[in-house]
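Throughout, a chain's letter reflects where its sequence line sits, starting with A, and its residues are numbered from 1.
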There are 2 protein chains.
Amino acid sequence: MPSATVENYLKSILKLSMECERGEVPMGMIATSLGVTPGTATSMMKNLQKEKWLSYKSRKGVRLTPSGKKIGMIMIRRHRLLETFLVETLGLDWSEIHEEAEVLEHAISEKVLERLDIFLGKPRHDPHGHPIPTKNGIIRRLPKKTLLDSLVGTKMKIESILDQSPEFLTFAQAKGLMPGRMVTLVKNEKVADTIELQVEKMPKFSLGYKTAQKILVSD
Amino acid sequence: MPSATVENYLKSILKLSMECERGEVPMGMIATSLGVTPGTATSMMKNLQKEKWLSYKSRKGVRLTPSGKKIGMIMIRRHRLLETFLVETLGLDWSEIHEEAEVLEHAISEKVLERLDIFLGKPRHDPHGHPIPTKNGIIRRLPKKTLLDSLVGTKMKIESILDQSPEFLTFAQAKGLMPGRMVTLVKNEKVADTIELQVEKMPKFSLGYKTAQKILVSD
DNA sequence: GTATAGTTTTTGATTAGTCAAAGTGTAGCA
DNA sequence: TGCTACACTTTGACTAATCAAAAACTATAC
Ligand SMILES: [Mn+2]
Ligand SMILES: [Mn+2]
Ligand SMILES: [Mn+2]
Ligand SMILES: [Mn+2]
């Protein structure tokens, strides 16, 4: 029923509302995240409210209704299952799958998706370590701990990569920064704004603070 | 570059021009085949001509240029490879894949398609027996012989099913009318407009003349 | 040769999604 | 308490794709 455009809006709004937990999602964030002008976002919010997918308070922001949340969650599921298929079955690189899935997610039917889920063995997370919601919209909470929050000398497991850009993903892969790998924080240079890392037996390397926050880990 | 709508138009026009070999494809056929009003087809033809995908002569019809033909052929390839994937890999029924592929064909990139082609072992025809064009747009010619053109008592191989409707495909499957099966024309009742058939060791059954022409065979 | 039926084209309108640019509201500083 | 900068909304315009209905052709059939 919703158009591909509407699907993208609802998915983005859901992701934003899960990230920055603060009630309403503001217009600016929505516009930026979808790459449209603020006016476009405003007028779209009115349409989405008319369809009962969210409630919109002028100059306050927007909050998804259960039906809007449901569509958003379905889109996240489609996206991540497709990414998994593209890497696991077709052997594409994890840096190039996001854009592919961004289009395919609007074309795949519920029926095909469920077959794909079975074919893939009901995976729990995509190649970037992002949790895949169940058919009923239940999604695992990601750990909040980033590489930056860890203590020097401790060994941690990489859970998830938050940056989807091909450039960063290619870099991360080269350094071994991938979900499942074990990483040790060798040094934390506060003054230089960097940390030094070692992934398993690979060579050490440095990461800026900002980048370090894009890697989620668990002990 | 072309929108999904344009892709559908070019694919349909190419298929029509291959079926009814008579120079130009008339407006009415295009409109019917795409399920739009004649006026819509006319105005779209002007746009497609502007983009150099075809040449349009008012009240004559339309003829694809090489670039239009190329896009059309790519769409046929995408459609048929996707149908093959949906049946071979995901196990969907051959009666339900046409509609799925009709949407997915606009969402799949060249890169993913070529991976899929390799994954499937470079199939030469789809589940309905339709030939899959190569990457360079070369397509096998279908036999022109239908069940109706065959002699009583001869055993023939089913090559292709021309009707895409789920109802007919479900019926055909139940009767064993599928590409690769051997079929014998038992009787030809001209006065009753029917033929009687036997597929391998399955029970005999009848088909109307019109329907019989939807099944392509070879000796 | 005209009348007519069937096709095709034209015209005018609609919808979804978008932008640019002008206008408005407000949070926080002075 | 008032000002200003920034966030947001409004307005007017545009494009792609479509339809309904009126108008214009054209191929026959008589
Ligand atoms: Mn998308
Ligand atoms: Mn991902
Ligand atoms: Mn299509
Ligand atoms: Mn087919």
Side-chain angles (χ1 to χ4, degrees), chain A residues 1-13 16-17 19-20 22-64 67-68 71-72 75 102-103 105-107, chain B residues 1-13 16-17 19-20 22-64 67-68 71-72 75 102-103 105-107:
Chain A
M1 204 98 255
S3 67
T5 307
V6 167
E7 287 178 341
N8 280 335
Y9 273 92
L10 293 175
K11 184 182 62 163
S12 286
I13 294 168
L16 290 172
S17 76
E19 282 161 28
C20 58
R22 63 188 209 56
E24 281 98 2
V25 183
M27 262 336 91
M29 276 187 148
I30 296 168
T32 306
S33 138
L34 282 144
V36 296
T37 59
T40 302
T42 299
S43 90
M44 180 57 87
M45 290 314 106
K46 292 176 180 172
N47 298 335
L48 298 182
Q49 177 163 58
K50 216 169 289 157
E51 301 286 348
K52 303 270 179 58
W53 286 318
L54 49 74
S55 69
Y56 161 66
K57 291 215 195 73
S58 189
R59 286 170 208 273
K60 265 289 171 60
V62 120
R63 186 192 299 257
L64 291 180
S67 74
I71 294 171
M75 295 317 295
E102 200 56 57
V103 181
E105 66 189 4
H106 310 290
Chain B
M1 204 100 257
S3 66
T5 307
V6 167
E7 287 178 342
N8 280 334
Y9 274 91
L10 294 175
K11 183 183 61 164
S12 286
I13 294 168
L16 292 172
S17 76
E19 281 161 29
C20 59
R22 64 188 208 54
E24 280 99 2
V25 182
M27 260 340 88
M29 277 188 148
I30 296 168
T32 306
S33 138
L34 283 145
V36 297
T37 60
T40 302
T42 299
S43 89
M44 179 58 87
M45 290 314 108
K46 292 178 181 170
N47 299 335
L48 298 182
Q49 177 163 58
K50 216 168 289 156
E51 301 285 348
K52 305 269 179 58
W53 285 319
L54 49 75
S55 69
Y56 161 67
K57 291 212 197 74
S58 190
R59 304 200 127 96
K60 265 291 174 55
V62 120
R63 185 192 300 259
L64 291 180
S67 73
I71 293 170
M75 295 316 295
E102 201 56 58
V103 181
E105 66 189 5
H106 309 289

**Asked** Among residues 52-60 of chain A, which residues get a heavy atom nearer than 4.0 Å to DNA chain D?
**Response** A:Y56, A:S58, A:R59
**Asked** With a 4.5 Å heavy-atom cut-off, do A:I71 and A:M1 have their side chains touching?
**Response** no
**Asked** What is the 5' to 3' range of DNA chain C, first to last nucleotide, that sits under 4.0 Å from any heavy atom of chain B?
**Response** C:dT8 to C:dT10
For residues 24-31 of chain B, which side-chain N or O atoms pair as donor and acceptor with protein atoms under 3.5 Å away, sequence neighbours left out?
none

**Prompt:** Can you list every salt bridge (charged side-chain N to carboxylate O under 4.0 Å, His left out) pair that touches residues 27-40 of chain A, not counting sequence neighbours?
**Reply:** none
Side-chain polar contacts of residues 33-57 of chain B - donor-acceptor pairs under 3.5 angstrom, sequence neighbours left out - could you list them?
from  : atom 1 : to    : atom 2 : distance (Å)
B:S33 : OG     : B:S12 : OG     : 3.4
B:T37 : OG1    : B:T40 : OG1    : 2.9
B:T42 : OG1    : B:P38 : O      : 3.2
B:S43 : OG     : B:T40 : O      : 3.4

**Message:** Is the shortest side-chain heavy-atom distance between A:V103 and B:H106 below 4.5 Å?
**Reply:** no
**Request:** Shoot me the first and last contacting nucleotide of DNA chain D against chain A, ordered 5' to 3', at under 4.0 angstrom to non-hydrogen atoms.
**Result:** D:dA7 to D:dT10
**Prompt:** Measuring from B:K11:NZ to B:E102:CD, what's the distance to the nearest 0.5 Å?
**Reply:** 3.5 Å
**Close approaches to DNA chain C from residues 26-47 of chain A, in residue order (heavy atom, under 4.0 Å)** = A:G35, A:V36, A:T37, A:T40, A:S43, A:M44
**Message:** Among residues at least two apart in sequence or on other chains, which ones pass side-chain hydrogen bond (donor to acceptor under 3.5 Å, both in side chains) with A:S67?
**Reply:** A:T65
**Request:** Decide yes or no on side-chain contact (heavy atoms from CB on, under 4.5 Å) for A:M75 and A:N8, but give the supporting numbers first.
**Result:** CA-CA 8 Å; A:M75 295 317 295; A:N8 280 335; 5.7 Å; no
